Amino acid sequence: MSDNFFDLVYRVVLQVPKGGVTTYSAVARFLNNPRGSRSVGWAMRQCNLPEVPCHRVIKSDGSIGGYGDEGVAKKAKLLRKEGVMITQGKVDLSKYEFRAFTLANFG
DNA sequence: AGGGTGACCCGCT
DNA sequence: CAGCGGGCCACCC
């Protein structure tokens, strides 16, 4: 039931486990839209579903990015609580980036 | 059909 | 190494 780009994005983001992160760009690439990172960010902005861990999606340079009205402070706090270490406002993607995405939930 | 918005990315300076 | 500007993509008037 992936009529919208949102749904596709959500399927991907839902796969990111606690303690892991992914990037807008990585999600876009997985959806065969290497240049669609902005659309992913846009989808996150529209996302208000509590079951989607949108706080685990950060920028490709490791910085936190945004978190709508909640604020990046909240986002960073959530990540730390999940075990993701943040130094100098950035996450070490080589340690925390989740890459093992699957097409399982895409029908 | 065109313009505006948005939690981005990359190359250049 | 930090900052700026242009490019890209999906969606809503």
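Letters A, B, ... are given to chains in the order of the sequence lines, protein chains preceding strands, and every chain is numbered from 1. What you see is a predicted model, and the numbers here were worked out from it, not measured in a lab.
Taken from CZ in A:Phe6 to CG in A:Leu49, the straight-line distance is 10.5 Å, to the nearest 0.5 Å. For the atom pair CE (A:Met44) and OH (A:Tyr67), the distance works out to 10.5 Å, reported to the nearest 0.5 Å. Here the CD1 atom belonging to A:Ile86 is positioned 12.0 Å from the CG atom belonging to A:Asp92, to the nearest 0.5 angstrom. Rounding to the nearest 0.5 angstrom, the gap separating the OG atom in A:Ser39 from the CZ atom in A:Arg45 is 15.5 Å. Taking NZ from A:Lys18 and CG from A:Leu78, the interatomic distance works out to 11.5 Å, rounded to the nearest 0.5 Å. Here the CD1 atom belonging to A:Ile58 is positioned 8.5 Å from the OG1 atom belonging to A:Thr22, to the nearest 0.5 angstrom.
Note on A:Tyr24 and A:Phe98: same hydrophobic cluster, where clusters join Ile, Leu, Val, Met, Phe, Trp and Tyr whose side-chain heavy atoms are under 4.5 Å apart, directly or indirectly. A:Phe101 and A:Val21 are assigned to two separate hydrophobic clusters, defined by single-linkage of ILVMFWY side chains at heavy-atom distances under 4.5 Å.
Atom CG in A:Asn32 sits roughly 18 Å away from atom P in C:dC8 (whole-Å rounding).
Nucleotides B:dA7 and C:dC13 place their C1' atoms 22 Å apart, quoted to the nearest Å.
Note on A:Arg99 versus A:Glu97: salt bridge recorded, some NZ/NE/NH1/NH2 to OD/OE distance being below 4.0 Å.
Phosphate proximity of C:dC8 to A:Asn33: absent, as no side-chain N or O sits under 4.0 Å from OP1 or OP2.
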What protein N or O atoms touch nucleotides 4-6 of chain C N or O atoms at under 3.5 angstrom, if any, and at what distances?
none

Could you run down the sub-3.5 Å N/O contacts of the protein with nucleotides 5-8 of chain B?
unit_1: B:dG6; atom_1: N7; unit_2: A:Arg38; atom_2: NH2; d: 3.4
unit_1: B:dG6; atom_1: N2; unit_2: A:Arg38; atom_2: O; d: 3.4
unit_1: B:dA7; atom_1: OP1; unit_2: A:Arg45; atom_2: NE; d: 2.4
unit_1: B:dA7; atom_1: N7; unit_2: A:Arg45; atom_2: N; d: 3.4
unit_1: B:dA7; atom_1: N6; unit_2: A:Met44; atom_2: O; d: 3.0
unit_1: B:dA7; atom_1: N3; unit_2: A:Tyr24; atom_2: OH; d: 3.0
unit_1: B:dA7; atom_1: N3; unit_2: A:Gly66; atom_2: O; d: 3.0
unit_1: B:dC8; atom_1: N3; unit_2: A:Arg38; atom_2: NE; d: 3.3
unit_1: B:dC8; atom_1: N4; unit_2: A:Arg38; atom_2: NE; d: 3.4
unit_1: B:dC8; atom_1: N4; unit_2: A:Arg38; atom_2: NH2; d: 3.3

Could you run down the sub-3.5 Å N/O contacts of the protein with nucleotides 1-3 of chain C?
none

Derivation of the side chain to side chain donor-acceptor pair (under 3.5 Å) call for A:Glu70 and A:His55:
CA-CA 10 Å; A:Glu70 297 277 317; A:His55 62 275; over 6 Å; no
